[in-house]
Each structure stands twice: as structure tokens, then as C-alpha cells.
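Data block below; observations after.
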There are 2 protein chains.
Amino acid sequence: MKSKFRFVYQQLADEIRTSRYEPGSLLPSEHELTDRFQVSRETIRKALKLLSEHGYIQKVQGKGSVVLDFARLEFPFSGVMSFQELNEKLALSALTDVIRFEQQPASSTAATRLDLTEGDPVWAVERVRTIEGERVILDQELFSVAVIPKLTREICEKSIYAYIEGTLGLTISFAKKEIVVEEATPTDQAHLDLHGATHVVVVRSYTYLDDATLFQYTASRHRPDKFRFVDFARRVLQ
Amino acid sequence: MKSKFRFVYQQLADEIRTSRYEPGSLLPSEHELTDRFQVSRETIRKALKLLSEHGYIQKVQGKGSVVLDFARLEFPFSGVMSFQELNEKLALSALTDVIRFEQQPASSTAATRLDLTEGDPVWAVERVRTIEGERVILDQELFSVAVIPKLTREICEKSIYAYIEGTLGLTISFAKKEIVVEEATPTDQAHLDLHGATHVVVVRSYTYLDDATLFQYTASRHRPDKFRFVDFARRVLQ
DNA sequence: AAGTGGTCTAGACCACCTC
DNA sequence: AGGTGGTCTAGACCACTTG
């Protein structure tokens with residue numbers, strides 16, 4: 001564990017997940033936690049801030065930190081989760097089929113999406129995800145060659161994220177996503193088991209690295225009945 | 001403005017929005033901002049944390065705070081936004097039609113959803129949202145009478161959120177949401193202009209107050225082509 | 001009045017990036 | 001080496017809730 005506040009966060013998160021604190025009850029006060037973990041109050045507060053951002057608790061001034069019902073939604077916080085990670089989490093039997101893999105100069109739309117100049121080299125990848133025997137997701141992805149100089153079909157068959165974070169030592173940091181429903185294209189119909197569905201759910205995402213570099217654009221096309229998105233949203237006051 | 005760090009946040013956010021800082025460039029260092037705003041470094045850091053959580057900047061250790069491309073997605077952060085707020089933002093001509101309004105004892109499913117005991121009184125409200133002449137959203141809502149003792153049809157026609165936050169003086173704090181696609185029900189078909197759409201996008205949300213009280217459950221049923229959801233997601237490391 | 005969280009400070013040391 | 005952000009501390013005062 002790197003930092004003290006992350007340790008405290010982990011500890012308390014585990015205790016909440018394993019129901020050592022009842023939903024609706026209060027966590028020990030910041031002062032008590034200071035005693036228990038032998039760290040300063042600001043450090044405890046950083047841990048509690050994380051817990052609250054991830055939907056474990058809600059802080060109420062003058063009262064304390066209320067433990068939330070963690071089970072109400074399965075994944076109480078949304079994140080930048082790769083297909084692989086999602087699979088491990090759900091323990092599903094999944095397969096990835098690479099149906100397109102090439103390097104090419106960026107078209108004008110591709111350049112816009114990756115914040116590049118037209119003609120800059122990009123990787124164009126299309127992958128079909130088969131879950132429990134059915135082809136349900138079509139991922140159409142663009143990667144900047146400037147960020148990922150080398151890429152192989154084999155890497156695409158496993159996990160590009162694992163390659164980027166493991167082998168290349170880069171850190172994926174955040175993503176901006178948009179979710180809409182669109183008519184199924186002939187490509188969708190060719191590569192997905194749509195079972196008569198006329199539309200697909202499209203998740204477009206722009207993924208950024210640690211150093212704020214935009215390196216990936218993805219359109220993830222889901223069969224509607226196999227799509228589910230969970231979000232934990234704090235109110236934003238302007 | 002209440003606090004110093006919120007003031008600094010507002011100031012910098014405004015300057016980023018009005019392009020006083022180029023996307024990709026660096027914000028002044030924390031030390032320089034300390035000088036400029038005459039506050040401590042921790043206060044500056046709280047403001048920068050907010051900016052980063054809202055998608056304005058990305059902090060890079062050893063380098064600085066990189067200004068992000070704010071325009072890439074229209075609403076770079078998701079929040080708990082009411083229908084009214086969304087309308088004002090989009091300046092759409094919208095109408096609300098209350099098709100159901102009653103107080104009743106909670107059924108067992110209603111009780112589960114609002115974390116109440118079966119038989120506890122709840123408000124059951126159904127509202128149809130008409131945007132630009134078309135009925136595109138059906139909201140099915142449950143409110144706890146314990147939290148909202150008085151409610152009228154008139155309030156439902158305007159904005160329940162405005163009533164709760166304005167008249168009742170309560171503060172809406174956060175929501176847990178789930179998005180799925182479901183077959184259109186006869187109710188959907190009766191009240192929405194589906195134009196042949198066979199499915200609807202369903203956003204289920206549990207809304208909480210400031211004091212961690214769960215007070216609202218909503219199933220918001222959207223005509224697919226009029227649905228759009230934008231999310232800004234930081235990577236969650238476990 | 002006592003306890004809780006919310007804000008703010010000044011100073012320290014560390015890890016990382018760039019020159 | 002110097003600048004940047006990341007972490008941590010001890011102490012202070014304020015605002016809110018509860019008895």
C-alpha cells in the first residue's frame with residue numbers, strides 16, 4: 001500500500017462491504033479513527049472523502065459519516081473498466097475475436113477524435129466480444145500510433161489495456177463517455193447475434209492517460225438486452 | 001461564495017471555460033496560485049482537486065496541472081440533474097403532463113425500493129415529458145411521505161426538485177443510477193410517441209438527501225432516439 | 001455544552017520530471 | 001539541482017446537530 005490514507009480507505013471499505021457496519025449507522029468519528037489508525041485527522045478525512053466519492057458513506061455535518069446501503073446497486077461507482085476487468089468481475093466465459101487490425105493514416109474524422117492531424121498514423125481495430133456463446137459487443141477502436149508504437153493482433157486478442165499498463169508502463173487515467181441508442185448497421189448485423197434487435201446501444205469513449213494524453217477512441221456497440229450501465233453521481237452545484 | 005477553495009475553483013473554472021488557458025497547456029503551479037489567491041497550498045489543492053474531478057484539468061506529478069479540452073464532450077461531468085435543469089440548459093420547449101398522482105401504502109416492491117416498511121405511505125407519480133411537441137419520456141416515481149409530507153398535482157406539474165429544495169429547504173445530494181434497455185410496455189405505448197420503437201431506455205435512480213436519506217425512486221423511460229447520457233469517469237484503482 | 005464534521009494554515013518531507 | 005505535485009502533521013477556529 002502506497003499511502004496511509006489509501007490504507008485507511010481500504011480497511012474501512014472492506015469493513016463496510018463485509019457488513020461490519022450496518023447501512024444507516026454511523027462510522028466512528030474522525031477523532032476516534034485518528035486514534036485507531038494513529039494518523040492525523042486530515043489523513044482520515046482524505047480516506048473518508050474517497051469512501052464518500054465511491055458511494056460507501058455520506059458525510060453529514062454535525063452528525064457523522066452515515067454508512068450507505070452498498071448492495072442497492074451492484075457497482076456503486078462507475079469507472080474506466082475494460083472488458084477484461086468486467087469479465088473477471090463477473091466471472092463470465094468470454095471470447096475476443098479480432099476482425100480488423102491495421103495501421104493507417106488518420107482520416108479527418110479519426111484525426112478529430114484522437115486530437116491528431118489528418119494523416120497521422122493510427123491503429124484501427126475491431127473486436128467482437130462473445131459472452132456465453134453469443135456475440136454481443138462490437139468494439140471499434142482507434143489508437144494513436146504516437147502513444148502505442150507497436151501493436152499486434154495477438155495483443156488485441158488478449159487485452160490491450162493490460163499491454164499498455166503492463167508492458168508499456170503507461171497509466172490509464174480517465175475517460176469521457178457518451179451513451180446513445182442507434183440503428184444497427186449492416187456491420188452490426190454481420191458480426192453480432194442480434195436476435196432480431198433493430199438497434200444497438202453505443203458507448204463512445206475517449207480514454208486518457210496519466211499525463212492527460214488522449215490515446216484511444218472507442219465505439220462499443222452492445223446488443224440492447226446485454227447492456228447495463230451503473231453510475232454513482234454526486235450532485236454538481238455550480 | 002462560502003469557502004475560499006470554492007472561490008478559487010470557480011475562478012479557475014471560469015477562466016478555463018472562457019479559454020484563458022489553452023487545452024494542453026499548464027495551469028500556474030500550486031505555489032504561484034498560492035501567491036495569486038493569497039491562500040495556503042492545501043486550499044489551492046482542494047480547488048484543483050475539484051477542477052480535476054469535474055474534468056477541467058488533469059494533474060501530472062512533477063509537471064503540473066494540464067488543462068483538458070473542455071469542449072470534447074458537451075457535459076463533461078454527470079450529475080444529478082433534474083428534467084427542469086436539463087431543459088434550461090438545452091433551452092428546449094418542454095411540457096410536463098401528470099398522468100398519475102396519488103398517495104398509497106407501499107407495496108412490498110415499493111417498500112424495498114425506498115427502504116421502507118410495507119404499508120408505509122408513499123406518493124406514486126407518473127409524468128409524461130413532452131419535448132418539442134413529442135411525448136418522449138415517461139417518469140414513474142415514488143416518494144417517501146415521511147420525507148415529503150405534502151405534495152400536490154400542481155407541484156408535480158412544475159418541478160418537484162424545486163419544491164423540495166426551495167420550499168422544504170432540503171438538499172438533494174447524490175443518486176445511484178442504472179441504465180438498461182427494455183421492451184416497451186403497453187403503458188409506454190399509450191403515453192409516449194414511440195414512432196414504432198419497440199424498446200425504451202430505462203434509467204432507474206435512487207436519489208438521496210444531504211443527510212443520507214433515500215427519498216425517491218424513479219424509473220425514467222426514454223424513447224431510444226431521444227436518449228443521451230454523458231459520463232466523466234476517473235479510473236478506480238482497487 | 002459537548003461532539004461532530006468543514007475549513008484553513010504553515011511547515012515538513014518525499015517522489016517525480018526537466019534541465 | 002530546482003521545480004512540480006503527493007503526502008502528512010498539529011493545531012486552530014467555525015458551523016452544525018444533539019442532548
Task: Backbone N/O of A/Glu30 and side chain of A/Thr34: donor-acceptor pair under 3.5 Å - done: yes

Open item on the list: Could you work out, with side-chain contact (heavy atoms from CB on, under 4.5 Å) as the rule, every residue matching A/Arg36, not counting sequence neighbours?
Closed with: A/Gln11, A/Leu12, A/Glu15, A/Tyr21

TODO: Go through the structure and list residues passing side-chain contact (heavy atoms from CB on, under 4.5 Å) with A/Ala124, not counting sequence neighbours.
DONE: A/Arg100, A/Glu102, A/Gln104, A/Leu142

Task: A/Tyr9 OH - D/dT7 C1' separation (whole Å) - done: 18 Å

TODO: In whole angstrom, give the distance that lies between atom NZ of B/Lys46 and atom C1' of C/dT9.
DONE: 10 Å

Task: Pairwise distance OG(B/Ser29) to CD1(B/Ile44) - rounded to 0.5 angstrom - done: 9.5 Å

Open item on the list: If you compare every side-chain N and O of B/Arg45 against the phosphate oxygens of D/dG5 (OP1, OP2), does one of them come in below 4.0 Å?
Closed with: no

Task: DNA chain D contacts made by residues 21-37 of chain A, counting heavy atoms under 4.0 Å - done: none

Open item on the list: Can you see if the side chain of A/Lys4 gets near the phosphate of D/dT9 - specifically, an N or O under 4.0 Å from OP1 or OP2?
Closed with: yes

- [ ] First locate atom CD1 of B/Ile16, then atom OG of B/Ser65, and finally report the distance between them rounded to the nearest 0.5 Å.
- [x] 9.0 Å

Open item on the list: Whole angstroms only, please: what is the CD-C1' distance between B/Gln58 and D/dT4?
Closed with: 15 Å

Please list every donor-acceptor pair under 3.5 Å in which a side-chain atom of residues 144-155 of chain B meets a protein atom from a residue at least two apart or in another chain.
from, atom 1, to, atom 2, distance (Å)
B/Ser144, OG, B/Ala146, N, 3.2
B/Thr152, OG1, B/Glu154, N, 3.4
B/Thr152, OG1, B/Ile155, N, 3.1
B/Arg153, NH2, B/Val98, O, 3.1

- [ ] Return the value, rounded to whole Å, for the distance between atom CG of B/Leu48 and atom C1' of C/dC8.
- [x] 16 Å

Every protein N/O lying under 3.5 Å from an N/O of nucleotides 10-19 of chain C:
from, atom 1, to, atom 2, distance (Å)
C/dA12, N6, B/Arg41, NH1, 3.4

Task: Rounded interatomic separation in angstrom, taking CG from B/Leu50 and P from C/dG6 - done: 14 Å

TODO: Kindly say if A/Lys59 contacts the phosphate of C/dG6, meaning a side-chain N or O under 4.0 Å from OP1 or OP2.
DONE: yes

Task: Separation of D/dT7 C1' from A/Phe7 CZ (nearest whole Å) - done: 16 Å

Task: A/Ser220 versus A/Asp139, side-chain donor and acceptor atoms under 3.5 Å - done: yes

TODO: Answer with yes or no after comparing the ring centroid distance for B/Tyr217 and B/Phe143 against a 6.0 Å cut-off, counting only values under it.
DONE: no

TODO: Would you mind reading off the distance between B/Leu209 atom CG and D/dT17 atom P, rounded to a whole angstrom?
DONE: 13 Å

Task: Residues forming a salt bridge (Lys or Arg N to Asp or Glu O under 4.0 Å) with A/Glu141, sequence neighbours excluded - done: A/Arg127

TODO: Provide, to the nearest angstrom, the distance between the CG atom belonging to B/Asp211 and the P atom belonging to D/dT18.
DONE: 9 Å

Open item on the list: On the nucleotide C/dT7, are OP1 or OP2 found under 4.0 Å from the side-chain N or O atoms that B/Thr43 carries?
Closed with: no

